[in-house]
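One structure below.
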Amino acid sequence: MTGESEPLILGIESTCDETGVALVRGTELLIDRTATSMDEYARYGGIIPEIASRAHLESFIPTLDSALHEGGASLSDVDAIAVSAGPGLVGSLTVGICAAKSLALALDKPLYGVNHVIGHMAVDGLAEGPLPERFIGLVVSGGHSNILLVENWVDGVRELGGTLDDAAGEAFDKVGRLLGLPYPGGPHVDRLSQQGDRDAIRFPRGLHAVKDKDRYRYDFSFSGLKTAVARYVEGEKARGAELRAEDICAGFSEAVNDSLTAKTVRACLDTGCDTIVIGGGFSANSRLRQLIQERAEGAGLTVRMPPMRFCTDNGAQIAALGARLVAGGAAPSDWDFSPDSAMPLTQTWMAPTNADMAVVSEYECCSPNR
Ligand code: KG4
Ligand code: ZN
């Protein structure tokens, strides 16, 4: 139940190129504001960490001011602060963490350094009401393609599988580059794929052989697929044929999404869960959204996917996860936590080093970091 009695959480996101600030009370999103430096990277063909860090520094205060102003709130209303602690770019994360620590110290509020990737699932709970206790998560972005079993937000996230090489978004970006599309290629490859014939070219599915069925039951591999696309393009060019980019994108997208959806549905059935929760930048992919819905329905499962505005990195995902941690009795992080660019997906937040203090009563967890 959402109500004034639930703590107001300020979420701060600065993992990569988006500066996000949001306010969440329970499962209700009050305001979500984002600034992005993505436009600066098209000419470089990738994110430049130094530029991203500076952009966070410039954008943070204006984004915070705009969120508070439009949310009709003041900093003194905030009960706890959650900030992305990883995984991500160290320089970018450092800007958000420094800002969050300064605010928490000045306001005398508890601070939670949270896992950005787990936030990509938590944000789904803001869209169509609370998520079930137990579910299978598929987190897909430029850096991750993982199947997770979530049994509780505080200490119940298990990694069932992930990619052995490229992430789904990364593979799309590389194929985009191969086809001469602007950076980031993912959305462009998606757009072209919708105009192509997905059965025209059959690209291989990684780790689908019978021999891989048990060992790599929930794992993915997209680098062989990317090479197959590169070979196909080279072959077509060598014989002077006109490239059918739409069909290439459609066939490639089908191979990626066939793997992602088949293994996610399998994990859900194997673990006796009834819900699949999708999150991450790649969850904007049109074929993923269509195929997971079809396959889940066919297996009697429910799918929760984020509205498009929550697919890109945002402050709401961080505030949403902070709210789940506070509700679950998680103790605030120690003041001296640092960004962790490779934060494990099983670690929801920077728990205090004194393990006995990791879970406290709800009252205590809304008092400042000890
Ligand atoms: O989660 P995110 O914003 O950032 C991280 O990587 O953490 O995800 C960005 C990735 C990029 O690789 C981008 O190309 C991909 O998600 N992406 C897409 C689509 N929208 C974004 N890939 C395929 N289809 C899309 N519609
Ligand atoms: Zn992300």
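Remember, it's 1-based here, ligands and their atoms both numbered in the order they're listed. Every heavy atom of this structure was used, including side-chain atoms; hydrogens, water molecules and symmetry mates were not.
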**Those atoms of ligand 1 less than 4.0 Å from some heavy atom in G169** = 12 (O)
Looking only at protein heavy atoms, which one is nearest to [atom], and how far off is it?
| atom | answer |
| --- | --- |
| atom 26 (N) of ligand 1 | D190 OD2, 2.9 Å |
| atom 4 (O) of ligand 1 | D313 OD2, 3.8 Å |
| atom 22 (N) of ligand 1 | F282 CD1, 3.3 Å |

Should the pair [X] and [Y] be assigned to parallel (<30°), tilted (30 to 60°) or perpendicular (>60°) ring geometry?
| X | Y | result |
| --- | --- | --- |
| H120 | H116 | perpendicular |
| Y232 | F203 | perpendicular |
| F172 | F282 | perpendicular |

So which of [options] gets nearest to [atom], if we judge by its closest heavy atom?
| atom | options | answer |
| --- | --- | --- |
| atom 7 (O) of ligand 1 | S253, G281, S141 | S141 |
| atom 24 (N) of ligand 1 | N257, D173, N285, V140 | N285 |
| atom 6 (O) of ligand 1 | P187, A171, G142, S286 | G142 |

**Request:** Would you name the heavy atoms of G328 and V154 that are closest together and state the gap between them?
**Result:**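 Closest heavy-atom pair between G328 and V154: O-CG2, 3.7 Å.
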**Message:** Any N/O/S atom, side chain or main chain, of H120 closer to the Zn ion (ligand 2) than 2.8 Å?
**Reply:** yes
**Request:** Look at the N, O or S atoms of H144, main chain and side chain alike, and state whether any lies under 2.8 Å from the Zn ion (ligand 2).
**Result:**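 Checking H144: none of its N, O or S atoms is under 2.8 Å.
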**Message:** Go through it in stages, so that I can follow the logic: the residues are N257 and T261, the test is side-chain hydrogen bond (donor to acceptor under 3.5 Å, both in side chains), and I'd like the CA-CA distance, side-chain angles, deciding distance and then a yes or no.
**Reply:** CA-CA 6 Å; N257 287 308; T261 54; over 6 Å; no
**Request:** Kindly indicate whether the side chain of F310, heavy atoms from C-beta on, has any atom under 4.5 Å from the side chain of D124.
**Result:** no
**Request:** Find out whether R304 and F135 are in side-chain contact, i.e. whether some heavy atom of one side chain is under 4.5 Å from a heavy atom of the other.
**Result:**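 No, too far: nothing below the 4.5 Å cut-off.
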**Message:** Does the residue G143 have a heavy-atom contact with ligand 1, meaning some pair of atoms that are separated by less than 4.0 Å?
**Reply:** yes
**Asked** Applying a strict 4.0 Å limit to heavy atoms, is H120 in contact with ligand 1?
**Response**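 In this structure, H120 qualifies as a contact of ligand 1 - some heavy atom is under 4.0 Å.
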**Item:** Angular separation of OD1 (D313) and NE2 (H116) seen from the Zn ion (ligand 2), to 10°
**Value:**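 An angle of 90° at the metal.
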**Request:** Could you tell me the separation between the SG atom of C311 and the CD atom of Q317, rounded to the nearest 0.5 Å?
**Result:**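 Answer rounded to 0.5 Å: 10.0 Å.
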